[in-house]
Protein chains: 2
Amino acid sequence: MLSKKCKYAIHALVYLAERYQQGPVHIQDIAESQHIPKKFLEAILLELKNSKILHSKKGKGGGYYLYKSPEEVNLVEIIRLMDGAISLLPCVSYNYYEPCEECRDEKTCGIRDAFSMVRDETLRVLSGSTLAQIVQREKELGKV
Amino acid sequence: MLSKKCKYAIHALVYLAERYQQGPVHIQDIAESQHIPKKFLEAILLELKNSKILHSKKGKGGGYYLYKSPEEVNLVEIIRLMDGAISLLPCVSYNYYEPCEECRDEKTCGIRDAFSMVRDETLRVLSGSTLAQIVQREKELGKV
DNA sequence: TTAAACTCTACTGATTTTGTAGAATTAAAA
DNA sequence: TTTTAATTCTACAAAATCAGTAGAGTTTAA
């Protein structure tokens, strides 16, 4: 399961994607509309800014806005940033690999195959799911 | 990521699958060979027994053994039992469904699609991965 | 100069995870 | 019948992670 932090990040980014190139958006605005605790959201947005997904403008009239285009940001990137590995086992992770403590020998472990396939399919689906796609999908579904 | 508990359960079950229909196996035996803390393993095996995957024999010469056949036990069942939902979001879960607190309207949420697909692919792969298959795979890979 | 916004450090409470202790129960075997 | 070796069960506890808060500092527009 994704953490709340990660779900908050996705919702905030979708909200900002809907307002792409329309100037900075207040944290307060995002927090209220998306039902996210403001102080918690602050930390999340800061992290997204440090990862060059967002930029911010300080001071009066400031706020956060998308730095990357909505087509460039996909769910894989967001999840890895917020929650870490995509895979279900550390021993089949591309970005967060660790040897399994339990497995004595990775080469003869019969369990890894299935989880490698799950990882591949998950990456395939989530990497194709960009902010632009999500916004487009919501328009199709009739969200105002 | 799977919890340690879940990984322990998988390893213990594979170990028992390799000894299917060869009588009860001591917890001690499983714990030592699979590097699992014995007391923790006790709780895990008891849970697997309560779910009718294992049976046990008490007293001297007792132990645990597979009740279901290795062909009947797949990774979906084990993960659901140990860690809960397969899906990454509660709002797309079959067995652990909960409405998303963040989404005001599930029907117009553009995020769920991708996670529904991830869930479907994950279920497809993991439901096809049985204890029998894992044991077979380990034989192929040359595990003694 | 003031007000409104983000920035940053530190902290805290709740929950989950990962175990451990120890007594009770059961059953085989001596 | 007693001993011994195993599972069963209840209760607890340490550690890690998650979710959220407090509050001072910095920046910028008006």
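Excluded from the calculations below are hydrogen atoms, water molecules and symmetry mates; all remaining heavy atoms, backbone and side chain alike, are included. Lettering of chains follows the sequences in order, A, B, ..., and the numbering in each one begins at 1. Since the model is a prediction, treat every value here as computed from it, not as a measurement.
- Remark: B/Glu138 CD to A/Cys109 SG distance equals 6.0 Å, nearest 0.5 Å.
- Counting to the nearest Å, the P atom of C/dT18 and the CE atom of B/Met82 are 12 Å from each other.
- Ring geometry for A/His55 versus A/Tyr65: interplanar angle over 60°, hence perpendicular rather than tilted (30 to 60°).
- The NZ-C1' distance, from B/Lys5 to C/dT18, rounds to 10 Å in whole Å.
- Look at NE2 on A/His26: it is 13 Å from P on D/dA29, rounded to the nearest Å.
- Dense packing is recorded around OH of A/Tyr20, with more than 12 heavy atoms of other residues, nucleotides or ligands lying under 6.0 Å away.
- The distance from atom CG of A/Leu81 to atom CG of A/Asn50, rounded to the nearest 0.5 Å, is 9.0 Å.
- Per the geometry, CG belonging to A/Leu41 stands 13 Å off C1' belonging to D/dA19, to the nearest Å.
- With A/Phe115 as the aromatic partner, A/Arg119 does not meet the cation-pi criteria of under 6.0 angstrom to the ring centre and within 45 degrees of the ring axis.
- Here B/Leu45 lies out of heavy-atom contact (under 4.0 Å) with every strand.
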Under 4.0 Å protein heavy-atom contact, by nucleotide of nucleotides 20-27 of chain D - B base, S sugar-phosphate only: BBBB---B
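- Across the protein-nucleic acid pair, B/Leu46 atom CG and C/dA24 atom P stand 18 Å apart, rounded to whole Å.
- A straight line from CG of B/Leu54 to P of D/dT7 spans 12 Å, rounded to a whole angstrom.
- The separation between B/Asp29 atom CG and D/dA5 atom C1' is 15 Å, rounded to whole Å.
- Remark: P of C/dA5 and OH of A/Tyr65 are 16 Å apart, rounded to the nearest angstrom.
- Expressed to the nearest 0.5 Å, how far CG of B/Leu66 lies from CD of B/Glu18 amounts to 10.5 Å.
- Comparing A/Ser3 and A/Lys57, the nucleotide of DNA chain D nearest to each residue sits closer to the 5' end for A/Ser3.
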